[in-house]
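All figures in this text were calculated on a predicted structure; none of them were measured in a lab. Just follow the structure's listing: the first ligand is 1, and inside any ligand the first atom is 1.
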Amino acid sequence: MCAKKKIAVLTGAGVSAESGLSTYRDNNGLWDNYDPMEVASIEGWFRNRAKVLDFYNGQREKLRNVQPNDAHRTIARLDDNFDVCVITQNVDNLHERAGSGRVIHLHGEVTKVRPETGVYDESYSEREVLDIGYEKVVLGDKAPNGSQLRPHIVFFGEAVPKIERAIEVVSGADIVLIVGTSLQVYPAAGLYRYARNDAKIYIIDPAEVPVNESRVIHIRENATCGMKKFLSIVNKE
Ligand code: APR
């Protein structure tokens with residue numbers, strides 16, 4: 001029995017667009033309607049915690065009412081024939097709800113919160129992370145250690161603790177599949193460059209992508225159609 005081929009799937013907001021969740025930078029995207037420096041940055045958190053909590057309460061409520069789409073489900077079905085690790089920038093739980101077995105959330109998870117500990121909040125431990133599902137968190141909601149509960153999100157201005165693990169996964173992959181990201185936010189956007197020279201790289205996105213490496217195959221479709229095309233390509237290899 002030969003070892004299964006390894007696929008690293010790097011996803012962004014575009015993979016959840018067909019579930020009805022807004023992307024960040026498409027027209028009328030989240031960052032057209034909210035200032036990320038106010039609602040998604042560590043400075044914004046210290047400036048106005050209630051505003052940040054309210055933003056993520058809204059994102060959590062939206063997530064309660066949407067379902068994974070066929071792109072999430074097709075990605076999850078890759079687990080049957082490949083050794084797959086999904087590395088997502090998304091804070092939604094749609095990959096898990098579609099059945100993907102290995103998911104790394106580079107930018108955190110909106111269904112989770114953790115205690116606010118000191119400045120630049122990198123000193124927390126995983127066991128302090130609480131899963132609250134789709135419930136709200138407000139000012140005055142405290143963690144067991146007595147500090148204010150904050151979203152378990154990597155705010156702009158904070159480190160990305162899981163990036164080393166993600167680099168390891170991409171460096172060991174036979175295939176790197178990028179789905180629905182504008183590749184604007186580092187270090188996530190630079191991950192695909194850690195692909196081995198003999199690895200194949202595919203990008204699924206209906207728009208132009210900021211990658212001009214000839215070996216990168218751009219499937220210019222939305223995520224659900226693009227995943228069908230990817231599946232037919234990769235099952236023939
Ligand atoms: N199918 C596939 N791709 C799509 C679809 C779709 N139906 N609709 C839009 N896209 C593509 C867009 O063309 C764009 O390239 O998805 C991408 C969305 O880009 P962004 O909105 O910038 O989202 P993302 O790349 O995930 O943002 C990265 O920025 O603000 C931070 O932390 C936030 O994780 C987020 C990070």
Looking only at N/O atoms, are [X] and ligand 1 under 3.5 Å apart anywhere?
X      : value
Tyr24  : yes
Asn222 : no
Gln184 : no
Val185 : no

Considering only non-hydrogen protein atoms, determine which one is nearest to [atom] and report residue, atom name and distance to 0.1 Å.
atom                    : result
atom 27 (O) of ligand 1 : Arg25 NH1, 3.0 Å
atom 6 (C) of ligand 1  : Gly14 O, 3.4 Å
atom 28 (C) of ligand 1 : Gln89 OE1, 3.2 Å
atom 3 (N) of ligand 1  : Pro206 CD, 3.3 Å
atom 13 (O) of ligand 1 : Asp205 OD1, 2.7 Å
atom 7 (N) of ligand 1  : Glu18 OE1, 3.3 Å
atom 26 (O) of ligand 1 : Ala13 N, 2.8 Å
atom 1 (N) of ligand 1  : Ala223 N, 2.9 Å

Mind telling me whether Tyr56 and Phe155 have parallel, tilted or perpendicular rings, with 30° and 60° as the class edges?
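Aromatic pair Phe155/Tyr56 classed tilted.
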Tyr24 vs Trp31 aromatic rings, parallel, tilted or perpendicular, using cut-offs 30° and 60°?
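Rings of Tyr24 and Trp31: tilted, as their planes differ by 30° to 60°.
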Within the 4.0 Å heavy-atom shell around [X], which atoms of ligand 1 are there?
X      : result
Gly12  : 26 (O)
Ala207 : 13 (O)
Gly180 : 3 (N), 16 (O), 17 (C), 18 (C)
Phe156 : 30 (O), 31 (C)
Ala17  : 7 (N), 8 (N)
Trp31  : 30 (O)

Answer yes when [X] and [Y] have at least one side-chain N-carboxylate O distance shorter than 4.0 Å, and no when they do not.
X      : Y      : value
Asp92  : Arg97  : no
Glu158 : Arg150 : yes
Glu126 : Arg114 : no
Arg64  : Glu135 : yes
Arg73  : Asp70  : yes
Asp83  : Lys6   : yes
Glu116 : Arg49  : yes

Checking Tyr134 against Asn57 for the side-chain hydrogen bond (donor to acceptor under 3.5 Å, both in side chains) test, could you report, in this order, the C-alpha distance in whole Å, the side-chain angles of both residues, the deciding distance, and whether it holds?
CA-CA 8 Å; Tyr134 307 110; Asn57 286 340; over 6 Å; no
Any donor-acceptor pair under 3.5 Å linking the side-chain atoms of Asn33 with those of Asn28?
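The criterion, which ignores hydrogens and geometry beyond distance, is satisfied for Asn33 and Asn28.
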Is Gly29 close enough to touch ligand 1? Criterion: a residue heavy atom under 4.0 Å from a ligand atom.
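No heavy atom of Gly29 comes that close to ligand 1.
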Is ligand 1 less than 4.0 angstrom away from at least one heavy atom of His107?
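The answer is yes, since His107 has a heavy atom less than 4.0 Å from ligand 1.
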Using heavy-atom distances, let me know which of Thr224, Val91, Ile204, Thr181 sits nearest atom 25 (O) of ligand 1.
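Of the listed residues, Thr181 has the closest heavy atom.
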Sole residue of His72, His95, Gln89 in side-chain hydrogen bond (donor to acceptor under 3.5 Å, both in side chains) with Thr11:
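By the side-chain hydrogen bond (donor to acceptor under 3.5 Å, both in side chains) criterion, Thr11 pairs with just one of His72, His95, Gln89: His95.
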Could you walk me through whether Asn69 and Ser19 satisfy the side-chain hydrogen bond (donor to acceptor under 3.5 Å, both in side chains) test, starting with their C-alpha distance in whole Å, then the side-chain angles of each, then the deciding distance to 0.1 Å, before giving a yes or no?
CA-CA 5 Å; Asn69 63 54; Ser19 293; 3.0 Å; yes
